[in-house]
Amino acid sequence: MSSAYESDPIFETVPRQLSNLVTRIHGREIALPDFQRDFVWDASRTEELIQSIISEFPVGTLLLWKQGDGESFASRSFEGAPDLGDKKPAELVLDGQQRLTALYQALTGVGDERYYLKVDEFVTVENDYIKEFHEVNFDRAVISVPVPTNKAQARKNQEILGASHFPVADVNSFDDWLDDYVEYITGSDETFSAKYLKSLYRRMRDKYIVPLRSYGLPVLTLPETTPIEAVCTIFETLNRTGKPLGPFELLTARYFPQGVNLRDLWIEAQENYKALVDFKVDPYSVLQTVCLKAYASAQRSDVLKKLTALDISTHWSSAVSGIAGVIDMLQSDCGLVAPKWLPYGMLLMPMGAVWGDVQKLEPLGRAAAYSRLQRFFWCSVFTTNYDQGANSQAGADYARLKEWVISGDGQAPEALDELPLSASTLRSASVRRKALYCGLMCLLATARAEDFHTGQAMTPYRVGEVQIDSHHIFPKAFLTRSGVTESAELLLNRTLIDAETNRIIKDKAPSKYLSEMAATYGEDKLKSVLSSHAIRSDSDSGLANDDYAKFLDERLHTVIQLIERVTERRLQEE
């Protein structure tokens with residue numbers, strides 16, 4: 001009777017030749033679980049991996065799972081490999097996707113880059129010598145170039161690549177390539193014979209090219225009898241100790257045996273709601289919103305430990321439509337003219353969690369609920385209530401929001417009554433105070449801030465089309481030249497200005513560029529434009545007289561009025 005120490009391991013450990021792995025990926029025998037993240041390596045990472053392979057350094061272990069006729073994960077092919085179609089792969093890769101994808105693309109010539117070995121970097125022709133790996137300059141020996149998409153890129157590739165650059169994708173036909181290369185060398189220089197050169201480069205081939213076919217990667221293979229729940233646990237453990245995957249990927253694996261495919265749900269959500277793509281909403285945010293609806297918590301531990309497949313089935317659609325609906329409201333009613341001006345992405349979660357309940361109200365009741373949601377948004381932004389502990393704050397806010405937004409009764413979220421709004425904080429805040437900075441830009445958009453040139457109001461389309469962005473009102477160079485000590489980077493010195501106007505303003509004194517604007521479209525229009533940016537426009541103003549400190553005080557007064565209007569609160573002086 002064997003002891004526990006003599007029993008068979010639950011997995012097989014067998015080295016696999018790189019060429020065999022590539023062939024099996026291409027033949028759709030090896031594939032990926034559908035929940036795996038996409039291929040994300042850049043070309044430099046692949047170059048480093050090729051360097052390690054040809055130097056015969058360790059590159060880590062792969063973990064595969066044999067597939068039988070029983071239950072398994074949905075699968076997909078490697079990026080660049082033939083589509084699986086109806087074929088069921090024999091094995092799935094649980095750990096090693098990035099390495100295998102990189103090697104598959106390099107060795108088959110697919111993907112966005114092509115990889116080359118400069119064979120002359122591995123030899124010293126004069127001494128009939130093959131360099132050791134520590135003598136090779138790998139920065140020059142292993143290179144990549146992008147696949148040309150235009151003539152300019154094709155010309156640039158030709159300038160980089162010489163006759164001695166061997167395509168990694170041609171690894172199985174090195175000898176044919178070598179015949180052509182030696183013929184090229186001896187055709188212009190007969191110092192060395194073709195026989196001598198072929199002998200030298202074939203020895204180089206055996207040392208550095210052959211590993212691209214024969215390198216043995218250590219592979220752990222789980223048997224097909226491994227329960228899918230155990231595979232999920234192994235996968236999660238691997239990705240806690242290796243490069244972590246996010247909760248979304250981990251929960252995708254966990255829920256799959258229960259008939260919930262988070263990856264498919266997320267793809268469908270992006271197809272149905274363009275706002276999720278435009279605002280780069282993370283799918284984890286949807287899970288947090290689901291967790292708020294199910295457990296009144298957005299904490300990572302609760303998302304990972306408490307959420308169930310049933311919670312996803314129950315709340316996913318409402319969470320997705322809620323986040324998209326909130327984004328639409330912020331764009332149309334709160335001046336969110338571009339994704340970069342969203343003060344807190346976390347605010348989308350508690351607001352999105354109550355959105356579905358708002359939609360159940362009668363139309364007249366909905367109007368009041370929208371107004372309360374918007375007030376919550378503005379108060380949270382200008383109290384900077386999500387600067388710390390955003391996950392906890394989202395849970396606390398949702399607990400109050402779900403009753404207060406719907407009925408107006410109950411205790412309002414703390415930002416509406418309990419936290420101070422300080423005028424002195426606004427006066428001294430720099431553009432590094434992201435929430436305040438973004439909040440001000442949104443406020444200006446709601447105030448119908450007009451383009452300095454055309455007088456047109458800011459819209460999401462125009463912000464992108466004519467490159468409207470935040471720029472200095474008092475140019476930084478002018479303030480430096482004038483010896484002003486107050487920072488030019490105060491948020492009160494910023495407004496939404498198109499790129500052309502900013503180039504015209506350049507380093508001019510405000511009084512100068514204001515006079516040029518007045519000469520172009522008249523004093524009345526100038527006053528209208530400046531007023532829409534919360535800037536005083538009379539002849540005694542700080543802006544008209546190039547008085548920076550006076551301008552800041554004046555603009556603070558005007559901005560406070562805008563904030564008090566949207567928050568329905570009075571700002572404190574201190």
From CA spacing to verdict: side-chain contact (heavy atoms from CB on, under 4.5 Å), Arg536, His557
CA-CA 10 Å; Arg536 271 185 55 183; His557 176 74; over 6 Å; no
Which heavy atom of Ala298 sits nearest to which heavy atom of Met346, and what is that distance?
CB-CE, 3.8 Å
Flag the pair Asp417 and Arg569 as a salt bridge only when some basic side-chain nitrogen lies within less than 4.0 angstrom of an acidic carboxylate oxygen.
no
Looking at Phe376, is its backbone amide N or carbonyl O close enough to the side chain of Ser380 to form a donor-acceptor pair, meaning the two atoms are under 3.5 Å apart?
yes
As a quick check of understanding, evaluate salt bridge (Lys or Arg N to Asp or Glu O under 4.0 Å) for Asp328 and Lys274, giving each step before the final call.
CA-CA 10 Å; Asp328 180 69; Lys274 185 173 181 291; over 6 Å; no
Show, in sequence, the C-alpha distance, side-chain angles and deciding distance for Asp311 and Thr314, and conclude whether the side-chain hydrogen bond (donor to acceptor under 3.5 Å, both in side chains) test is met.
CA-CA 5 Å; Asp311 295 327; Thr314 303; 5.7 Å; no
Distance in Å, His471 NE2 paired with Arg494 CZ, rounded so as to fall on 0.5 Å steps:
8.5 Å
Non-hydrogen atoms of Pro475 and Asp507 that approach each other most closely
CB-CA, 3.8 Å
Closer than 3.5 angstrom, by distance alone: can the side chain of Glu79 be matched with the main-chain N or O of Asp38 as a donor-acceptor pair?
no
Donor-acceptor pair, Tyr548 side chain versus Ser487 backbone, under 3.5 Å?
yes
Side-chain contact, heavy-atom cut-off 4.5 Å: Val286 with Phe248?
no
Donor-acceptor side-chain pairing of Arg263 and Thr252 below 3.5 angstrom
no
Other residues, nucleotides, ligands: >12 heavy atoms within 6.0 Å of Arg366 CZ
yes
Heavy-atom distance under 4.5 Å between the side chains of Glu418 and Gln411, does that happen here?
yes
Which class fits the ring pair Phe474 and Phe478: parallel under 30°, tilted 30 to 60°, perpendicular over 60°?
tilted
Nearest 0.5 Å, what's the CG-CD1 distance between Leu421 and Ile560?
10.0 Å
Closest non-hydrogen atom pair, Arg76 against Asp34:
NH1-O, 3.0 Å
Classify the ring geometry between Trp266 and Trp316 as parallel (under 30°), tilted (30 to 60°) or perpendicular (over 60°).
perpendicular
side-chain contact (heavy atoms from CB on, under 4.5 Å) between Leu251 and Ile312, intermediate numbers included:
CA-CA 10 Å; Leu251 291 179; Ile312 299 298; over 6 Å; no
Using 30° and 60° as the class limits, which term best fits the ring planes of Trp341 and Tyr437: parallel, tilted or perpendicular?
perpendicular
Atom OG in Ser531, atom CG in Asp538: separation rounded to 0.5 Å?
11.0 Å
If only atom types and distance count, is the side chain of Arg372 paired as donor or acceptor with the main-chain N or O of Trp404 below 3.5 Å?
yes
Measure the shortest side-chain to side-chain distance between Trp41 and Thr101 over non-hydrogen atoms and say whether it is less than 4.5 angstrom.
no
Drop me the distance from Leu490's CG to Arg427's CZ, to the nearest 0.5 angstrom.
6.5 Å
Between Glu516 and Lys512, is there a side-chain N and carboxylate O pair less than 4.0 Å apart?
yes
For Asn150, is the CG atom crowded, meaning more than 12 foreign heavy atoms sit under 6.0 Å from it?
yes
In this structure, are over 12 heavy atoms from other groups packed under 6.0 Å from Lys476 atom NZ?
no
Apply side-chain contact (heavy atoms from CB on, under 4.5 Å) to residues Leu342 and Ile327 and explain how you reach the verdict.
CA-CA 9 Å; Leu342 178 63; Ile327 291 173; over 6 Å; no
Does any N or O in the side chain of Ser532 come within less than 3.5 Å of the main-chain N or O of Glu450, such that one atom is a donor and the other an acceptor?
yes
Test side-chain hydrogen bond (donor to acceptor under 3.5 Å, both in side chains) applied to Asn385 and Thr383, step by step:
CA-CA 5 Å; Asn385 202 23; Thr383 58; 4.8 Å; no
Under 3.5 Å, is there a donor-acceptor pair between the side chain of Asp42 and the main chain of Arg45?
yes
With distance as the sole test, does Arg555 use its side chain to make a donor-acceptor pair with the main-chain N or O of His533 at under 3.5 Å?
yes
What heavy-atom pair brings Ala445 and Gly335 nearest, and what distance separates the two atoms?
CB-O, 3.4 Å
Which heavy atom of Met441 sits nearest a heavy atom of Ser470, and at what distance?
SD-CB, 4.1 Å
When you look at NZ of Lys527, are more than 12 heavy atoms from neighbouring residues, nucleotides or ligands closer to it than 6.0 Å?
no
Going from CG on Leu556 to OG on Ser428, what distance comes out if it is rounded to the nearest 0.5 angstrom?
9.5 Å
Minimum side-chain heavy-atom gap Lys360-Asp357 below 4.5 Å
yes
Gly111 and Gln105 have their tightest heavy-atom pair at CA-OE1, 3.7 Å
Does any N or O in the side chain of Asn261 come within less than 3.5 Å of the main-chain N or O of Phe256, such that one atom is a donor and the other an acceptor?
no
Between Glu564 and Leu571, is there a donor-acceptor pair closer than 3.5 Å when you use the side chain of the first and the backbone of the second?
yes
Using 0.5 Å steps for rounding, measure from the OH atom of Tyr295 to the NZ atom of Lys305.
14.0 Å
Output, in order, the C-alpha distance, side-chain angles, deciding distance and verdict of salt bridge (Lys or Arg N to Asp or Glu O under 4.0 Å) for Asp540 and Lys550.
CA-CA 10 Å; Asp540 293 330; Lys550 184 179 180 182; over 6 Å; no
Report the C-alpha separation of Ser313 and Val260 in whole Å, then their side-chain angles, then the decisive distance to 0.1 Å, and conclude whether the side-chain contact (heavy atoms from CB on, under 4.5 Å) test is met.
CA-CA 8 Å; Ser313 299; Val260 174; 3.7 Å; yes
Using 4.0 Å as the upper bound for N to carboxylate O, is an ion pair formed by Glu489 and Arg432?
no
Just by distance, do the side chain of Ser332 and the backbone of Met329 share a donor-acceptor pair under 3.5 Å?
yes
